[in-house]
Amino acid sequence: MSRRPVKHSLTLKGHRTSVSLEAEFWQAFREIAASKDTAINVLAAEIDADRGTDMGLASAIRLYVLRHYRRPSTGAALSGGQ
């Protein structure tokens, strides 16, 4: 498991922003975007639009990833297929 979050730049609504996530969350986020055939910036913009003002973008992305893998159809991915 990664020790520190890794900072990456995203473009939201035409503006660059930085988001720090652990490497595992970045990988899962990229995989989800690819499975939806969506650019990571587009998916991040959707999450940003839905998150409200009481939560940071990094936290919103982590929760999105967690909820994605907790869904019954993708639950095996969370447990490593075991």
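Counting from 1, the numbers follow the sequence of the chain as shown.
- Atoms NZ and OG, on Lys7 and Ser18 in that order, are 5.0 Å from each other to the nearest 0.5 Å.
- Looking at heavy atoms from C-beta onward, Arg62 lies in side-chain contact with Leu21 at the 4.5 angstrom threshold.
- Ring orientation note: the planes of Phe29 and Trp26 are tilted relative to one another, at an angle of 30° to 60°.
- By the 4.5 Å heavy-atom criterion applied to side chains, Ile32 and Tyr69 are counted as neighbours.
- The two residues Ala44 and Leu10 come nearest to each other via the heavy atoms CB-CD1, 3.7 Å.
- No side-chain heavy atom of Asn41 sits under 4.5 Å from any side-chain heavy atom of Leu12.
- Note that the NE2 atom of His15 and the OG atom of Ser9 stand 14.5 Å from one another [nearest 0.5 Å].
- If you take CD on Glu31 and NE2 on His68, they are separated by 8.5 Å, rounding to the nearest 0.5 Å.
- The backbone N or O of Leu57 lies less than 3.5 Å from no partner atom in the side chain of Ser59, so there is not a single donor-acceptor pair.
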Take Met55 and Leu63 through the test side-chain contact (heavy atoms from CB on, under 4.5 Å) and record every step on the way to the result.
-> CA-CA 10 Å; Met55 179 183 303; Leu63 288 174; 3.5 Å; yes
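- Contact detail for Ser20 and Ala58: the closest heavy-atom pair is O-CB, 3.5 Å.
- Hydrophobic clustering of Ile, Leu, Val, Met, Phe, Trp and Tyr side chains at less than 4.5 Å, counting indirect connections, keeps Phe25 apart from Val42.
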Would you check, one step at a time, whether the test side-chain contact (heavy atoms from CB on, under 4.5 Å) holds for Arg71 with Arg67?
-> CA-CA 6 Å; Arg71 273 185 261 164; Arg67 289 178 184 133; 5.7 Å; no
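- Note: Tyr64 OH to Glu46 CD = 6.5 Å, rounded to the nearest 0.5 Å.
- Once rounded to the nearest 0.5 Å, the distance linking CG of Asp48 with CG of Leu43 reads 11.5 Å.
- Checked for salt-bridge contact, Glu22 and Arg4 miss the test: no charged N lies under 4.0 Å from a carboxylate O.
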Can Arg30 and His8 be said to form a side-chain contact (heavy atoms from CB on, under 4.5 Å), step by step?
-> CA-CA 12 Å; Arg30 285 187 194 101; His8 288 272; 3.4 Å; yes
